[in-house]
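A short write-up of the structure that comes next.
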Amino acid sequence: MKYWTSFACVALLAGTALGSAQAAGLTVGFSQIGSESGWRAAETTVTRQEAEKRGIDLKFSDAQQKQENQIKAVRSFIAQGVDAILIAPVVATGWDAVLSEAKEAEIPVVLLDRTVDSDKSLYFTAVTSDTVYEGKVAGDWLVKTVGDKPCNVVELQGTTGSSPAIDRKKGFDDAIKAHGNFKIVRSQTGDFTRAKGKEVMESFLKAENGGKNICALYAHNDDMAVGAIQAIKEAGLKPGKDILVVSIDAVPDIFKALAAGEANATVELTPNMAGPAFDALDAFLKGKKEPAKWIQTESKLFTQQDEPLKVYELKKGLGY
Ligand code: AHR
């Protein structure tokens with residue numbers, strides 16, 4: 001708190017680039033994780049669009065799923081003297097040193113879509129959904145849909161060590177724990193990718209009597225669910241009926257699956273994290289007070305009852 005307050009005063013009084021700038025004309029570095037999912041592709045597209053709209057020069061770096069590449073990119077942004085840095089952190093741990101370097105250089109860092117376990121004083125703000133709540137919404141939907149029947153659940157987790165994988169697991173576990181009829185019988189990472197989601201689901205199906213022992217799949221993102229749906233079909237079962245499918249993101253392809261009756265529910269995650277991030281930076285640079293440490297985005301449940309084909313049409317051109 002003290003750091004950002006004093007930084008604001010220094011920047012404004014000294015008439016540095018930041019002190020006199022507004023969003024237009026800023027140079028912002030963006031360390032993106034990679035392109036593991038449709039949602040990630042959309043976030044990249046939307047971030048570029050939001051930057052362009054505001055006249056921001058966006059320096060983009062694709063880390064190809066590696067934290068070491070993200071750390072290198074952030075150090076390079078610091079060396080270039082950018083005005084601000086956006087990071088979508090692949091995992092939650094290991095950020096203290098590089099965030100301290102950015103703080104030392106007085107460059108505000110905004111975390112996008114995932115959180116870190118570093119002290120909050122090391123970053124400017126974080127724009128994310130409530131990822132524990134997303135898991136809870138998915139779990140509550142399943143509890144309501146299945147009722148009292150016994151239900152063996154298989155879980156496809158996101159990238160190991162990433163904040164959404166940790167939180168979405170917790171939220172779902174919290175939702176089902178008071179209901180003794182639910183049991184997570186298999187849980188493994190599918191790395192948030194379609195290919196891995198399919199591969200891991202194939203192993204779950206084999207291990208669970210060809211899928212006959214499975215009542216529901218909970219996938220931490222839609223891409224893994226879409227891969228798993230393919231595996232379920234290839235195993236001769238009906239996804240959405242023989243095995244219920246609930247996941248997170250609300251990418252266009254899951255709406256096709258919802259419309260076909262092959263998926264049952266998804267929790268929406270907006271790909272527009274950059275808009276609120278740029279607005280917060282803009283307000284700060286105009287001398288307004290610094291933002292809260294967490295700018296929360298909305299999480300909305302969609303099911304087969306929510307006109308999935310209409311939503312597909314609305315979403316399909318949005319960069320997913
Ligand atoms: O951090 C957000 C998650 O990362 C999305 O839910 C997933 O699709 C992505 O890869």
Could you go through the salt bridge (Lys or Arg N to Asp or Glu O under 4.0 Å) check for Asp140 and Lys144 one step at a time? CA-CA 6 Å; Asp140 286 345; Lys144 204 172 142 206; over 6 Å; no
List the steps, then state whether side-chain contact (heavy atoms from CB on, under 4.5 Å) holds for Leu318 with Thr45. CA-CA 8 Å; Leu318 297 180; Thr45 307; over 6 Å; no
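- Using a 4.5 Å heavy-atom cutoff, the side chains of Phe255 and Lys310 are not in contact.
- Within the 4.5 Å cutoff, the side chain of Asp249 has no heavy atoms near those of the Ile254 side chain.
- A salt bridge links Glu268 to Lys315: one of the charged nitrogens lies within less than 4.0 Å of a carboxylate oxygen.
- A donor-acceptor pair is defined here as one N or O able to donate and one able to accept, closer than 3.5 Å; such a pair exists between the side chain of Thr125 and the backbone of Ala292.
- Under the 3.5 Å distance criterion, the side-chain polar atoms of Asn264 are matched with a main-chain donor or acceptor of Gly240.
- A distance-only check finds no donor-acceptor pair linking the side chain of Asn181 to the backbone of Cys151 [under 3.5 Å].
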For ring-ring contact (aromatic ring centres under 6.0 Å, His included), just list the numbers for Phe77 and Phe30, CA-CA rounded to whole Å, side-chain angles, deciding distance to a tenth of an Å, and then say yes or no. CA-CA 9 Å; Phe77 294 146; Phe30 177 26; 8.8 Å; no
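- Enclosure of atom OH in Tyr133 is not indicated, since only 12 or fewer non-hydrogen atoms of other residues, nucleotides or ligands lie within 6.0 angstrom.
- Of the possible donor and acceptor atoms, none in the side chain of Glu52 sits under 3.5 Å from a partner among the backbone N and O of Arg48.
- The pair Lys103-Glu106 fails the salt-bridge criterion, with no side-chain N (NZ, NE, NH1 or NH2) lying under 4.0 Å from an Asp/Glu carboxylate O.
- Counting heavy atoms from C-beta on, the side chains of Val153 and Phe182 come closer than 4.5 Å.
- You'll find the side chain of Val246 stays beyond 4.5 Å of the side chain of Leu217, heavy atoms only.
- Contact annotation: the side chain of Ile229 never approaches that of Ile243 to less than 4.5 Å [non-hydrogen atoms, C-beta and beyond].
- Under a hydrophobic clustering in which Ile, Leu, Val, Met, Phe, Trp and Tyr are joined whenever their side-chain heavy atoms come within less than 4.5 Å, directly or via other members, Tyr218 and Leu258 fall into different clusters.
- Salt bridge Lys53/Glu50: present, at least one basic N to carboxylate O contact under 4.0 Å.
- Cation-pi geometry between Arg40 and Phe192 is not met: the NZ or CZ atom fails to fall both under 6.0 Å from the ring centre and inside 45° of the normal.
- Using a 4.0 Å cut-off between charged nitrogen and carboxylate oxygen, Glu101 and Arg75 count as a salt-bridge pair.
- For Glu234, the CD atom counts as densely surrounded, since its 6.0 Å shell holds more than 12 non-hydrogen atoms of other residues, nucleotides or ligands.
- In this structure, Lys233 pairs ionically with Glu262, as a charged nitrogen and a carboxylate oxygen lie closer than 4.0 Å.
- Inter-residue side-chain proximity for Tyr320 and Lys316 is flagged as unmet; no heavy-atom pair is nearer than 4.5 Å.
- Salt-bridge check for Glu202 with Lys198: passed, with a basic side-chain N closer than 4.0 Å to an acidic carboxylate O.
- Under a 3.5 Å cut-off, the side chain of Asp83 and the backbone N or O of Leu26 do not form any donor-acceptor pair.
- By the neighbour-count criterion of 12 heavy atoms within 6.0 Å, atom CG of Asp119 is densely surrounded, having more than that number from other residues, nucleotides or ligands.
- A heavy-atom distance below 4.5 Å is found between the side chains of Arg194 and Asp253.
- Of the candidates Thr128, Thr115, Asp130, Thr128 is the only one forming a side chain to side chain donor-acceptor pair (under 3.5 Å) with Trp294.
- Using a cut-off of 4.0 Å between Lys/Arg side-chain N and Asp/Glu carboxylate O, Arg54 and Asp279 are scored as salt-bridged.
- Contact annotation: the side chain of Val154 approaches that of Val185 to within less than 4.5 Å [non-hydrogen atoms, C-beta and beyond].
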Give the C-alpha distance, both sets of side-chain angles, the deciding distance and a yes or no for salt bridge (Lys or Arg N to Asp or Glu O under 4.0 Å) between Arg186 and Glu155. CA-CA 6 Å; Arg186 310 256 154 201; Glu155 178 182 30; over 6 Å; no
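- With 3.5 Å as the limit, one finds a donor-acceptor pair spanning the side chains of Thr44 and Gln32.
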